[in-house]
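Following: one structure in structure tokens, then a few remarks.
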Amino acid sequence: MTLQQLKYIVAIDRYRNFAKAADACGISQPTLSAMLVKLEEELDVRIFERSNKSVTPTIAGEKIIHQAERAIAEAERITELVSEDKGDVAGELKLSVGPTIAPYILPKFIRHYIESYPQVKLSIREMKADVMLSELQLGHLDAGIAICGNARQGILEIPLYTEKFMVYLAEDCWRKLPVFKPENLEHEKMWIMKEAQCLRDSAFSFCKARTKGNRVYEAGSIETLIRIVDENGGFTIIPEMHLPFLTDRQRENVRRIEGDYLSQRRVSLYIREDYIRQAMLNTITKTLIRFMPEGMMEERIIKYGVKL
């Protein structure tokens with residue numbers, strides 16, 4: 001049994017297709033099949049059930065694959081430990097970013113990261129928090145960036161930055177008010193983002209106390225919400241980092257939120273508790289610091305970076 005054979009069965013399980021798994025491993029399909037058969041003969045157990053239409057792990061195979069993933073991760077930690085001791089930052093960084101965050105940080109993050117760390121192979125996937133955490137637990141990701149409060153067993157959450165929410169009003173919707181007060185808009189249309197729990201739990205926390213007549217609609221993106229408001233009236237809540245995406249005319253419709261309401265969202269970095277690549281994690285935070293608006297990043301991150 002070799003470490004390479006373990007990587008092969010993990011790839012087969014991930015793709016559930018021999019051709020795709022072989023391509024991902026950089027070998028031919030016949031070679032991959034032969035290595036699998038050799039491993040199965042050595043262990044005297046069938047790891048995958050194969051047919052013309054599907055490849056699925058057996059009950060024993062699922063246990064073997066899970067252990068193989070752990071073995072591969074532990075083996076990779078040896079190389080990582082040596083690199084950390086040498087102060088080198090190289091290799092691959094597999095990062096996930098939440099869909100409600102990605103539009104605001106990824107364009108600049110990618111550009112600055114590639115400029116600063118050309119020796120790192122950067123791979124980014126956009127994922128919802130629950131999927132991201134599962135992938136972290138399996139060792140398929142190095143780190144994830146998502147709304148705070150999503151940690152689960154075996155996952156460490158590191159606060160990165162706090163972003164305020166602003167109110168975007170229709171032009172005929174109390175436009176002359178200098179700031180937004182929820183009680184001023186009790187009977188106006190309110191539009192919120194579908195599946196954006198951070199909005200419901202923070203900027204919209206005052207909704208529970210609203211009087212009858214308030215209508216809440218849902219859309220799939222901040223940009224859609226803004227267009228709906230422009231066309232239909234009412235208001236919505238937008239993150240502070242969306243302001244650069246607005247036209248000069250649209251920016252005139254933005255107001256601060258006044259009062260004791262939770263009008264912000266906190267964004268965190270998520271890693272496995274046993275993750276050891278401190279220098280690699282700090283390439284993420286140092287890159288964010290380069291372009292994030294002043295006062296938004298956690299002061300502790302700016303001063304000390306990530307300490308594991």
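Among residues at least two apart or in separate chains, salt bridge (charged side-chain N to carboxylate O under 4.0 Å, His left out) pairs with a member in residues 5-19 are Asp13-Arg16. Evaluation of the salt bridge (charged side-chain N to carboxylate O under 4.0 Å, His left out) test over residues 299-308, restricted to residues two or more places apart or in two chains, returns none. For residues 285-308, every residue pair satisfying the ring-ring contact (aromatic ring centres under 6.0 Å, His included) rule, not counting sequence neighbours, is listed here: His112-Phe291.
Side chain of Glu42 to backbone of Met1: a donor-acceptor contact under 3.5 angstrom is found. Side chain of Gln250 to backbone of Phe245: no donor-acceptor contact under 3.5 angstrom is found. Side-chain N or O atoms of Glu163 include one that pairs as donor or acceptor with a backbone N or O of Met241 at under 3.5 Å. Between the side chain of Trp191 and the backbone N or O of Gly233, at least one donor-acceptor pair lies under 3.5 Å. No side-chain donor-acceptor contact under 3.5 Å links Asn253 to the backbone of Tyr168.
When all heavy atoms of Phe18 and Ser33 are compared, the pair lying nearest together is CD2-OG, 3.6 Å. When every heavy atom of Leu269 is checked against every heavy atom of Ala143, the shortest pair comes out as CD1-CB, 3.9 Å. Nearest heavy atom pair, residue Glu115 against residue Pro118, reads O-CD, 3.8 Å. The two residues Val10 and Ala68 have their closest heavy-atom pair at CG2-CB, 4.0 Å. The shortest heavy-atom contact between Glu92 and Val120 is C-CG1, 4.5 Å. What you find for Ile65 and Pro57 is that their closest heavy atoms are CD1-CB, 3.8 Å.
In this structure, the separation between CD1 on Ile64 and CZ on Arg46 is 12.5 Å, given to the nearest 0.5 Å. Here Thr100 contributes atom OG1 and Lys128 contributes atom NZ; the two are 10.5 Å apart, rounded to the nearest 0.5 Å. In this structure, the separation between CD1 on Ile238 and CD1 on Ile226 is 5.0 Å, given to the nearest 0.5 Å. Put simply, CD1 on Ile9 and CG on Leu32 are 10.5 Å apart, with the number rounded to the nearest 0.5 Å. Taking SG of Cys148 as the start and OH of Tyr161 as the end, the distance is 11.0 Å to the nearest 0.5 Å. One distance of note links CD1 of Ile271 with CD1 of Ile158; it measures 4.0 Å at 0.5 Å rounding.
Side-chain contact between Asp230 and Glu171 is absent, with no heavy-atom pair separated by less than 4.5 Å. Contact check for Glu223 versus Pro103: no side-chain heavy atoms found under the 4.5 Å cut-off. Residues Glu69 and His140 have side chains in contact (heavy-atom distance under 4.5 Å, counting atoms from C-beta outward). Residues Val89 and Met280 meet the side-chain proximity criterion, which asks for heavy atoms closer than 4.5 Å. Looking only at side-chain heavy atoms (C-beta outward), Lys164 and Arg256 stay at 4.5 Å or farther from each other.
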Under the side chain to side chain contact (heavy atoms under 4.5 Å, CB included) rule, what do Leu95 and Leu141 come out as? Steps first, then yes or no, please.
CA-CA 6 Å; Leu95 179 66; Leu141 292 172; over 6 Å; no
Could you walk me through whether Met132 and Leu136 satisfy the side chain to side chain contact (heavy atoms under 4.5 Å, CB included) test, starting with their C-alpha distance in whole Å, then the side-chain angles of each, then the deciding distance to 0.1 Å, before giving a yes or no?
CA-CA 6 Å; Met132 177 200 77; Leu136 280 171; 4.3 Å; yes
Test side chain to side chain contact (heavy atoms under 4.5 Å, CB included) on Asn17 and Val55; report intermediate values, then the result.
CA-CA 6 Å; Asn17 180 284; Val55 179; 6.0 Å; no
For Arg255 and Leu169: C-alpha separation, side-chain torsions, deciding distance, then whether side chain to side chain contact (heavy atoms under 4.5 Å, CB included) applies.
CA-CA 8 Å; Arg255 297 291 184 272; Leu169 307 166; 3.6 Å; yes
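Connectivity analysis of hydrophobic side chains (ILVMFWY, heavy atoms under 4.5 Å, direct or indirect) links Leu138 to nothing; its cluster partners are none.
Residue Met166 is grouped with residue Tyr104 when hydrophobic side chains (ILVMFWY) are merged at heavy-atom distances under 4.5 angstrom, including chains of intermediate members. Both Val267 and Ile284 are assigned to one and the same hydrophobic cluster, defined by single-linkage of ILVMFWY side chains at heavy-atom distances under 4.5 Å. If you chain together hydrophobic residues whose side chains sit under 4.5 Å apart, Tyr117 and Leu93 fall into the same group. Residues Tyr270 and Ile147 fall into different hydrophobic clusters, defined by Ile, Leu, Val, Met, Phe, Trp and Tyr side chains chained together at heavy-atom separations under 4.5 Å. Criterion: ILVMFWY side-chain heavy atoms under 4.5 Å apart, direct or through other members. Under it, Ile47 and Tyr8 are part of a common hydrophobic cluster.
Arg152 CZ: more than 12 foreign heavy atoms inside a 6.0 Å radius. Around the NZ atom of Lys286, the shell of radius 6.0 Å holds no more than 12 heavy atoms that belong to other residues, nucleotides or ligands. Counting non-hydrogen atoms of neighbouring residues, nucleotides and ligands closer than 6.0 angstrom, the CD atom of Gln119 exceeds 12 such neighbours.
Using a cut-off of 4.0 Å between Lys/Arg side-chain N and Asp/Glu carboxylate O, Arg272 and Asp274 are scored as salt-bridged. A salt bridge between Glu135 and Arg125 is present, with a side-chain N of the basic residue lying under 4.0 Å from a carboxylate O of the acidic one.
Qualifying ring-ring contact (aromatic ring centres under 6.0 Å, His included) partners for Phe109, counting only residues two or more places apart in sequence or in other chains: Tyr113. Residues forming a salt bridge (charged side-chain N to carboxylate O under 4.0 Å, His left out) with Glu40 (at least two apart in sequence, or on another chain): Arg50.
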